[in-house]
Amino acid sequence: MTTAVSADSQVSNRLVTLTQVTRTYGTGQATVHALRGIDLQINSGDFLAVMGASGSGKSTCLNILGCLDSPTSGSYQFRDVEVSGLSQRQRALLRRNYLGFVFQGYNLLNRTTALENVELPLVYRGQNRNERKTRAMSALDAVGLADWASHTPGELSGGQQQRVAIARALVTEPDLLLADEPTGNLDSARSEEIMALLVQLNQQQGLTIVMVTHEQEMAAYASRTLHFFDGLITEQQSNRSPS
């Protein structure tokens, strides 16, 4: 098996469906109900912002979407495939081939160039050197950093480092980009640059994005905002793009 998702499911616009998903940690008096039964549908081309206080369940939801955690109960379907029915290897293939990750900390290798950082996911795929370089340069170009390919992270600004991290997520051409506080370490000007880039990737390339943020100003860039409270989605709202 080379992929975790069937070809027949590619015709559906529905990318993700969560049905009554719960996540419980611990037992007895130490039990924590991180998710209490959430329902969520994400279509291809959506841009969702996820908001909520610390402990509201938003990061747990993101980890489940990214196959970094599993529901205690309920259903998680990715392109109509039940993720809980996949083997550990198949889940790894789903992450590798269909999901991209961007974090608050850029998680770049300090002693390697921007190009080499972006190539890394393709190294894990076993792709040859020439193909890796071509695709990594294309990803850096997409985030406006082709001229900085030979620079190490220490030679880049925070905004540029986050762009490299986004390029690294894009190089595998994921169906879904999961971003956890992608502007959390940036000033307002650099934050706006990163959000403008995400909007461009969403609107021009059709990339589906789910972004956790604490900032209403950043959430306003998304097309839809989900509000989490005590393990539940308590509110969904449509947004207008900022002018």
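Only a predicted model underlies this, so the values are computations on that prediction, with no experimental measurement involved.
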**OP:** Go through H227 and Q236 one step at a time and tell me if the side chain to side chain donor-acceptor pair (under 3.5 Å) criterion holds.
**Re:** CA-CA 6 Å; H227 295 269; Q236 298 191 42; over 6 Å; no
**OP:** Apply side-chain contact (heavy atoms from CB on, under 4.5 Å) to the pair M51 and L226, showing each step before the final yes or no.
**Re:** CA-CA 6 Å; M51 301 191 72; L226 309 179; over 6 Å; no
**OP:** Could you name each residue pair satisfying salt bridge (Lys or Arg N to Asp or Glu O under 4.0 Å) that touches residues 23-51, not counting sequence neighbours?
**Re:** R23-D69, D46-R224
Original post:
Taking atom CD of Q88 as the centre, does the number of heavy atoms from other residues, nucleotides or ligands within less than 6.0 Å exceed 12?
Top reply: no
Original post:
Short question: side chain of E82, backbone of Y76 - any donor-acceptor pair under 3.5 Å?
Top reply: yes
Subject >> Exercise: do S70 and R91 side chains pair donor with acceptor under 3.5 Å >> reply: yes
**OP:** State whether the side chain of E155 and the backbone N or O of T152 hold a donor-acceptor pair below 3.5 Å, judged by distance alone.
**Re:** yes
**OP:** Looking only at non-hydrogen atoms, find the nearest pair between L115 and A136 and report the distance.
**Re:** CD1-CB, 3.5 Å
Original post:
Looking only at heavy atoms, which two atoms of P182 and A179 are closest? And how far apart?
Top reply: CG-CB, 3.9 Å
**OP:** Sort out for me which residue in I38, L35, L18 forms a side-chain contact (heavy atoms from CB on, under 4.5 Å) with I233.
**Re:** I38
Subject >> Check: T134 side chain, N130 main-chain N or O, donor-acceptor pair, under 3.5 Å >> reply: yes
**OP:** Indicate whether any N or O donor in one side chain lies under 3.5 Å from an N or O acceptor in the other, for T113 and S150.
**Re:** no
Original post:
Between the main-chain N or O of T208 and the side-chain N or O of N202, is there a donor-acceptor pair closer than 3.5 Å?
Top reply: no
**OP:** Report whether L156 and M137 are members of the same hydrophobic cluster (ILVMFWY, side-chain heavy atoms less than 4.5 Å apart, transitive linking).
**Re:** yes
Original post:
Under a single-linkage definition using a 4.5 Å side-chain heavy-atom cutoff for Ile, Leu, Val, Met, Phe, Trp and Tyr, are L207 and V164 assigned to the same hydrophobic cluster?
Top reply: yes
Original post:
Does K58 use its side chain to pair, donor to acceptor, with the backbone of F229 at less than 3.5 Å?
Top reply: no
Original post:
Can you get from L170 to Y106 by hopping between Ile, Leu, Val, Met, Phe, Trp and Tyr side chains that sit under 4.5 Å apart?
Top reply: yes
Subject >> Path from W148 to V143 over hydrophobic side-chain contacts below 4.5 Å >> reply: yes
